[in-house]
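Have a look at the structure below, then the notes.
Note on naming: letters A, B, ... go to the chains in the order of the sequence lines (proteins, then strands), and numbering restarts at 1 for each one.
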Number of protein chains: 2
Amino acid sequence: MGHSQADKVASHLRIVEIAAARLREEGLERPAIGELMREAGLTHGGFYRHFGSRGELVDEAMVRALWDGARRMSDAVTASRKHGDDPFAAMVTAYLSPEHREDLAGSCAVTTLGGDVARGSELTRAAYGNQVESYLRVLEGLLDEPVPAARRQRAVLALAAMVGAMTMARAVADPKLSGELLERVGEALTEGPS
Amino acid sequence: MGHSQADKVASHLRIVEIAAARLREEGLERPAIGELMREAGLTHGGFYRHFGSRGELVDEAMVRALWDGARRMSDAVTASRKHGDDPFAAMVTAYLSPEHREDLAGSCAVTTLGGDVARGSELTRAAYGNQVESYLRVLEGLLDEPVPAARRQRAVLALAAMVGAMTMARAVADPKLSGELLERVGEALTEGPS
DNA sequence: ATTATCTATAGATCTATAGATAATGC
DNA sequence: ATTATCTATAGATCTATAGATAATGC
């Protein structure tokens, strides 16, 4: 029985981290408290010393999921800058990669949990909005379009197309169609100068 | 107690119709059989003379939801042809309208249930794929781009952008950002000749 | 003494089934 | 006689709480 306050902080973090992954795999409603606690190496009953309710964990885990779901893209941008490649194209390619499609647990929550958040708490929807705005600012920074309004429009189009393509690529039964959605949108967005 | 076989057919249809709306409002898991049956004017226990399990109803209701969620768009295309307007622009505008954003129960299930279908049954994912392919063919038919590959690419980009924009517009807390997402994507897709 | 975690359980909810009821349809 | 629907309930599952246990930290 770990008992120190340091242990409690570590337990809390572990629960949120596990929930952030499991929510993306199974949606905001499915994973049961008992399962999450077991996966964290704890028992069901201890949960309520960490969170007032299941909803509180979901809110906290959503913030975490939104944040670390963006890592794949920011990593790709960083790497492309080292190699002198186009960072906008690198971000689009990373987002639309089959690896991202397959890795639900580590995926971008803007796509994976969009539908659930629309029916979710106000706090969750605020965090979601912040992540969308953050993506848009990154994309605007990567585009070398001089007119601000046109730059913003291209950033919004790119983000919307990436989110929509990935949503459909994951839901569609036919692997060929799934691949086509990712590839064609990738081509359309990276064609011409960024 | 209605008892005729005609009544049974009507009951079945009513249950599926109600489920198709409620699933889009609350996701594939939430609505309980008892609620759906009550809304259909029936009682809980009668359910299993119509469906072998809850999953069977979900499969059937998803097919229905995907089908009648496309009506708004096909209506807009028909109307635009009467008025001599651009049918591609009419479809994009109808999809990205605030009315569509608000009307979850009657919305396009490709957007509303994309995340749930990714975790859903094979039958559901097959129906989803058919609806995506159907949308793509409609869009290809509306674009006056002569090169087939380029036409297909533009159709895929347009559908992905519409689905992604609507997903985010529904999930985001800030109404201003929500409106901007719909408007900018609408402008980007209808700018220039279709 | 305090508290992080555990064991045990109450209370709610949901799917699925069993058996009764009352029209339909041969 | 058949069957569409209803009433009632078994069985599973899940959230939240109550009280016990065993380290921590003053």
ask   = Within the distance-only criterion (no hydrogens, no angle test), does the side chain of A:E56 pair as donor or acceptor with the backbone N or O of A:G52 below 3.5 angstrom?
value = yes
inquiry  = Go nucleotide by nucleotide along DNA chain C from the 5' end; which of B:Q5 and B:R49 gets its closest nucleotide reached first?
reply    = B:R49
task = Please check if any side-chain donor atom of A:T111 sits under 3.5 Å from a side-chain acceptor atom of A:Y95, or the reverse.
result = yes
inquiry  = Can you tell me which residue among A:E183, A:R184, A:E187 is in a side-chain hydrogen bond (donor to acceptor under 3.5 Å, both in side chains) with B:Q153?
reply    = A:E187
request  = Among the candidates C:dT15, D:dT5, D:dA16, find the nucleotide nearest to the side-chain atoms of A:H44.
outcome  = D:dA16
message = Could you tell me how far apart B:K8 (NZ) and D:dT5 (C1') are, to the nearest whole angstrom?
response = 10 Å
request  = Before giving the answer on salt bridge (Lys or Arg N to Asp or Glu O under 4.0 Å), spell out for B:E35 and B:R22 the whole-Å C-alpha distance, their side-chain angles and the decisive distance to 0.1 Å.
outcome  = CA-CA 10 Å; B:E35 280 181 72; B:R22 295 293 306 279; 3.2 Å; yes
Modelled atom types, side-chain donor and acceptor of B:R101 and B:S178, under 3.5 Å = yes
request  = Check DNA chain C against residues 23-43 of chain B and give the residues with a non-hydrogen atom under 4.0 Å, in numerical order.
outcome  = B:A32, B:I33
task = Establish, with yes or no, whether the OP1 or OP2 oxygen of C:dA4 is under 4.0 angstrom from a side-chain nitrogen or oxygen of A:S11.
result = no
request  = In sequence, state the C-alpha distance, the side-chain angles, and the governing distance for B:E99 and B:R72, and then conclude on side-chain contact (heavy atoms from CB on, under 4.5 Å).
outcome  = CA-CA 10 Å; B:E99 292 75 37; B:R72 184 190 316 267; 4.3 Å; yes
ask   = In whole Å, what is the span from the CG atom of A:D7 to the C1' atom of C:dT5?
value = 10 Å
NZ/NE/NH1/NH2 to OD/OE distance under 4.0 Å, B:R125 and B:D116 = no
inquiry  = Strictly by Watson-Crick or wobble contacts shorter than 3.5 Å, is anything paired with C:dT24, and which nucleotide is it?
reply    = D:dA1
inquiry  = Could you identify the nucleotide paired to D:dT15, looking across every strand shown and requiring Watson-Crick or G-U wobble geometry with both distances under 3.5 Å?
reply    = C:dA10
inquiry  = Any side-chain to backbone donor/acceptor pair from A:R151 onto A:E145? Under 3.5 Å, distance only.
reply    = yes
request  = Let me know the distance between OH of A:Y48 and P of D:dC14, rounded to the nearest Å.
outcome  = 12 Å
inquiry  = What I want to find out is whether A:E26 reaches B:R119 closely enough, with some N-O distance under 4.0 Å, to be called a salt bridge.
reply    = no
request  = Please state how far atom CZ in B:F47 lies from atom P in D:dT5, giving the value in whole angstrom units.
outcome  = 13 Å
note = What residues 50-63 of chain B contributes to the DNA chain C interface at heavy-atom separation below 4.0 Å is B:S53, B:R54
